[in-house]
Amino acid sequence: MNYRFLPVFCFFGLSTAAAAAPLVAVDVGHGNKDTGALSARGRAEFEFNGVLARVLAKALREKTLAVREINFAGDIGSLSARPEQAKGSDFFISIHHDSISEAWLKPWVWEGVERTHTDVKRGYGIFVSQQNPDLETSLRCASAIGSQLRRAGFVPTPWHGRKHKPADAENGVWYYDNLVVLYRTTLPAVLFEAGVIKHRDEELELLDPERQTLMADVVATGIAACLSVKEISAPASDPPQSAP
């Protein structure tokens, strides 16, 4: 499968370049003990998460952002420990891959082993929590990431609309308020579901290194664009004085 790589744009001006680079905490979802969902062919979600997180970390650094790696070794068991390790960062993104409820799974056999798969759900999703202490920035970054993904040809899944309120459904952004890694942070945060590993075709696409590189590049571009926005509040001017 061929993918068209998008040009990389620099979002940081001269004044920003002189300052410290924004620090992005990249969290690998699940771990060595809780490996997450199993793909249609029996591969653990944690393996998908780790690969994409490393490609994303590389893409962020290439855009001159600093990266704090969280749970890359898979040894963090506590969900609350992840945002704790992210303290001091400017942005937090947790990398995941999606599944689907049992009711929508079908049986099939892969390499002599009975597995399960779905045909009804595929595509990426981005979650934010309304309990996050900086919801405004979380939403801005989530929409920036989703917009860049769509421009690159990635398609968000509408499936999350069954359970979650839309934050920016066009760009694949949904509210998921009780996710610990989102509401326990002290900084803007998103959880990114890169695709549905229970979908047999999408599972193979998610394993494609070229696709991983493209997805990571556009996610990094969205983060860079979002973090380059500096909201400056000008002081209110004094009311005009009447002439004596």
Side-chain angles (χ1 to χ4, degrees), residues 3-12 21-29 48-49 51-68 70 86 89-98 122-130 132 134-161 164-176 179 181-182 185 187-196 202 205-206 211-231:
Y3 297 95
R4 180 174 59 87
F5 283 82
L6 300 182
V8 176
F9 298 99
C10 178
F11 288 91
F12 297 97
L23 176 58
V24 179
V26 179
D27 168 56
V28 179
F48 287 86
N49 298 343
V51 171
L52 184 60
R54 287 171 174 81
V55 180
L56 176 59
K58 180 176 182 291
L60 289 165
R61 290 180 174 116
E62 288 174 349
K63 296 187 190 317
T64 71
L65 279 76
V67 175
R68 175 172 287 162
I70 296 177
S89 305
D90 297 292
F91 185 70
F92 177 93
I93 181 168
S94 186
I95 304 299
H96 286 256
H97 288 71
D98 218 350
R122 63 173 295 158
Y124 74 85
I126 306 170
F127 292 111
V128 296
S129 171
Q130 293 179 97
N132 182 273
D134 190 349
L135 177 59
E136 183 177 355
T137 304
S138 299
L139 285 170
R140 186 175 71 238
C141 288
S143 290
I145 293 167
S147 175
Q148 290 294 327
L149 284 164
R150 288 179 58 240
R151 290 183 185 182
F154 295 102
V155 179
T157 177
W159 197 262
H160 299 302
H164 303 284
K165 293 191 302 182
D168 177 6
E170 182 180 10
N171 288 315
V173 184
W174 305 86
Y175 288 116
Y176 198 157
L179 286 173
V181 294
L182 297 185
T185 60
L187 57 144
V190 304
L191 186 145
F192 177 53
E193 298 275 10
V196 181
E202 187 163 46
E205 293 169 11
L206 290 162
R211 185 186 193 274
Q212 292 165 356
T213 299
L214 175 58
M215 175 170 274
D217 183 74
V218 296
V219 169
T221 297
I223 294 172
C226 171
L227 296 182
S228 72
V229 175
K230 304 297 181 183
E231 297 179 330

Checklist outcome for this item: dist Thr213:OG1 -> Leu56:CG (nearest 0.5 Å) comes out at 11.0 Å
Checklist entry - What pair of heavy atoms forms the shortest contact from Ala66 to Ala21, and how long is it? => result N-CB, 4.0 Å
Checklist entry - Under the ring pair (Phe, Tyr, Trp, His ring centres under 6.0 Å) test, which residues partner Tyr176, sequence neighbours left out? => result Phe127, His164
Checklist entry - Judged by atom type as modelled, is there a donor-acceptor pair below 3.5 Å linking the side chain of Asn49 to the main-chain atoms of Val28? => result no
Checklist outcome for this item: For Ser138 and Asn132 the tightest heavy-atom approach is OG-OD1, 3.2 Å
Checklist entry - Under 4.5 Å between any side-chain heavy atoms of Trp159 and Val196, yes or no? => result no
Item to check | Ile223 side, atom CD1; Leu65 side, atom CG - distance, nearest 0.5 Å | outcome: 7.5 Å
Item to check | Pairwise distance CG(Leu206) to CZ(Arg211) - rounded to 0.5 angstrom | outcome: 4.5 Å
Item to check | For the student: nearest non-hydrogen atoms of Val55 and Gln212, plus distance | outcome: CG1-O, 3.8 Å
Checklist entry - Does Ser89 reach the side chain of Leu187, with side-chain heavy atoms less than 4.5 Å apart? => result yes
Checklist entry - Which residues pass the side chain to side chain contact (heavy atoms under 4.5 Å, CB included) test with Gln130, sequence neighbours left out? => result Leu135, Lys165, Tyr175, Asp177
Checklist outcome for this item: Nearest heavy-atom contact between Ala86 and Arg68 is O-NH1, 3.5 Å
Item to check | Pairing residues for Glu193 by the salt bridge (Lys or Arg N to Asp or Glu O under 4.0 Å) criterion, not counting sequence neighbours | outcome: none
Item to check | Minimum side-chain heavy-atom gap Val219-Gln148 below 4.5 Å | outcome: no
Next on the checklist: Quick one, Val218 and Arg151 - any side-chain contact, counting heavy atoms below 4.5 Å?
Outcome noted: no
Checklist entry - Hey, what do you get for OG1 (Thr137) to CG (Asp90), rounding to the nearest 0.5 Å? => result 10.0 Å
Checklist entry - Of all heavy-atom pairs between Ile70 and Ala25, which one has the smallest distance, and what is that distance? => result CD1-CB, 3.8 Å
Checklist entry - In Å, rounded to the nearest 0.5 Å, how long is the span from CG of Leu60 to CZ of Phe91? => result 9.5 Å
Checklist entry - What residues, two or more places apart in sequence or in another chain, satisfy side chain to side chain contact (heavy atoms under 4.5 Å, CB included) together with Ala142? => result Ile126, Val128, Val173, Val190
Next on the checklist: Please find the pair of heavy atoms, one from Ala224 and one from Lys63, that lie closest to each other, and give the distance.
Outcome noted: CB-CD, 4.4 Å
Next on the checklist: My understanding is that only residues two or more places apart in sequence, or in another chain, count here; which of them pass salt bridge (Lys or Arg N to Asp or Glu O under 4.0 Å) with Arg122?
Outcome noted: Glu205
Item to check | Set of residues satisfying side chain to side chain contact (heavy atoms under 4.5 Å, CB included) with respect to Pro158, sequence neighbours excluded | outcome: none
Item to check | Leu227 side chain reached by Cys141 side chain, heavy atoms, under 4.5 Å | outcome: yes
Checklist entry - Given side chains that start at C-beta, do those of Leu139 and Asp168 come closer than 4.5 Å, heavy atoms only? => result no
Next on the checklist: A side-chain contact here means heavy atoms from C-beta on lying under 4.5 Å apart; do His97 and Leu52 qualify?
Outcome noted: yes
Checklist entry - What distance separates Leu191 CG from Ser94 OG, expressed to the nearest 0.5 Å? => result 4.5 Å
Item to check | Any side-chain heavy-atom pair of Tyr124 and Arg150 under 4.5 Å | outcome: yes
